[in-house]
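Following: one structure in structure tokens, then a few remarks.
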Amino acid sequence: MSIKSSQKIIEILYSIQKKEFEEHVEEMSKPNIVYVTELTACSHKYVLRQKFSELIFSFEPNIILGSLIHRGLEDILEAEGYKREVPVQKEINIDGSKYTIKGRVDALNEEEQIVVEIKSARSSQGTPHPHHILQLQIYLEMLGYKKGILVYITPDRMLEYTIEYTPIDLKNYLIETINDLKHPRWHWECKYCIFNRICPYRVEQTQ
Ligand code: SF4
């Protein structure tokens with residue numbers, strides 16, 4: 001028996017990941033485009049992605065694993081009548097300038113008006129996470145839906161949470177982001193931030 005190492009499949013995964021990144025990299029330099037995930041995160045990431053967008057590219061096993069879990073569950077939900085990877089966007093004017101909030105929900109049940117967000121994680125501890133709830137609430141606000149489901153797939157557990165609509169002041173989150181008023185937004189963010197080596201606001205995690 002002869003065993004040789006190969007990278008044929010890894011190359012396919014890499015080219016898919018790279019293509020997805022390249023499709024968005026130009027848009028990342030635009031300040032008037034604000035992603036839903038940015039409204040739920042440190043505002044300085046929004047500033048730094050405009051200048052250092054190439055730093056965002058990542059080809060790490062945990063990222064690939066997460067996107068495979070997404071794809072797999074989205075396939076299953078699509079077969080059950082859900083729409084997958086649905087783009088959502090909303091325009092908001094701030095002081096005479098037009099901003100477009102953009103996002104993409106993992107899955108959507110149009111008939112029952114339910115948004116599904118899929119999360120893969122190393123651990124189920126602390127779920128549902130506040131930033132994931134906020135992200136789902138923002139989608140509910142943008143779509144005018146009343147109910148969302150947050151699904152967690154972790155190595156030892158599968159969990160889902162039903163999240164009911166709570167009004168969200170989208171404009172306020174947008175102002176916080178474009179004016180860079182929340183850096184960081186969460187106490188743990190800097191530790192995992194791709195910009196933490198160049199960021200002047202980085203704080204050390206306290207717990
Ligand atoms: S290092 Fe912290 S403050 Fe700086 S961009 Fe990242 S999360 Fe924000």
Side-chain angles (χ1 to χ4, degrees), residues 17-18 20-67 69-70 88-90 92 94-95 97-106 117-139 141-142 150 152-154 161 163 166 168-207:
Q17 195 77 359
K18 193 160 160 268
E20 273 179 22
F21 177 74
E22 285 169 350
E23 280 169 4
H24 292 103
V25 73
E26 197 195 322
E27 188 179 84
M28 285 181 212
S29 64
K30 297 180 178 166
N32 61 332
I33 303 284
V34 182
Y35 302 107
V36 168
T37 47
E38 289 179 324
L39 301 181
T40 71
C42 167
S43 56
H44 205 56
K45 289 181 185 170
Y46 156 81
V47 174
L48 293 177
R49 65 92 160 148
Q50 293 169 50
K51 299 178 187 169
F52 305 103
S53 50
E54 284 79 7
L55 290 181
I56 294 169
F57 180 72
S58 170
F59 187 61
E60 296 289 334
N62 64 327
I63 302 289
I64 301 302
L65 192 59
S67 85
I69 288 170
H70 268 77
V88 286
Q89 71 175 58
K90 187 177 176 70
I92 294 182
I94 308 276
D95 299 331
S97 299
K98 190 174 80 180
Y99 291 86
T100 305
I101 299 175
K102 289 180 83 171
R104 195 172 56 178
V105 302
D106 291 333
E117 267 301 299
I118 302 162
K119 302 294 176 195
S120 58
R122 290 194 186 99
S123 158
S124 59
Q125 210 178 0
T127 61
H129 295 294
H131 60 297
H132 292 157
I133 296 172
L134 178 58
Q135 183 187 5
L136 193 49
Q137 290 288 7
I138 290 172
Y139 283 136
E141 183 72 47
M142 290 172 79
L150 204 43
Y152 286 90
I153 312 281
T154 77
Y161 302 92
I163 311 289
T166 306
I168 289 280
D169 187 346
L170 268 184
K171 192 168 182 176
N172 187 50
Y173 279 100
L174 182 59
I175 288 169
E176 282 179 353
T177 303
I178 61 174
N179 291 329
D180 196 7
L181 304 178
K182 291 274 180 181
H183 44 72
R185 185 175 289 276
W186 311 99
H187 71 89
W188 46 264
E189 262 190 303
C190 299
K191 184 179 175 187
Y192 305 101
C193 176
I194 38 165
F195 300 116
N196 67 15
R197 288 174 186 82
I198 56 169
C199 176
Y201 300 120
R202 167 175 150 178
V203 293
E204 304 306 325
Q205 194 172 7
T206 50
Q207 63 177 67

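In this chain, numbering begins with 1 at the start of the sequence shown. As the structure lists them, so they are numbered: ligands from 1, and atoms in each ligand from 1.
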| task | For the pair H132 and H129, name the ring-plane relationship: parallel under 30°, tilted 30 to 60°, perpendicular over 60°. | result | perpendicular
Can you give each donor-acceptor pair under 3.5 Å made by side-chain atoms of residues 52-63, sequence neighbours left out, with the distance rounded to 0.1 Å?
none

| Non-neighbouring partners of H183 that pass ring-ring contact (aromatic ring centres under 6.0 Å, His included), sequence neighbours left out | Y201
| query | Is the side chain of E189 donor-acceptor paired with the backbone N or O of W186 at a distance under 3.5 Å, no angle test? | reply | yes
| query | Can you list the protein N, O or S atoms less than 2.8 Å from atom 2 (Fe) of ligand 1? | reply | C190 SG
| remark: Taken in chain and number order and not counting sequence neighbours, the residues that satisfy side-chain hydrogen bond (donor to acceptor under 3.5 Å, both in side chains) with E176 are R185
| Can a salt bridge be assigned to the pair K90 and E141 using a cut-off of 4.0 Å between side-chain N and carboxylate O? | no
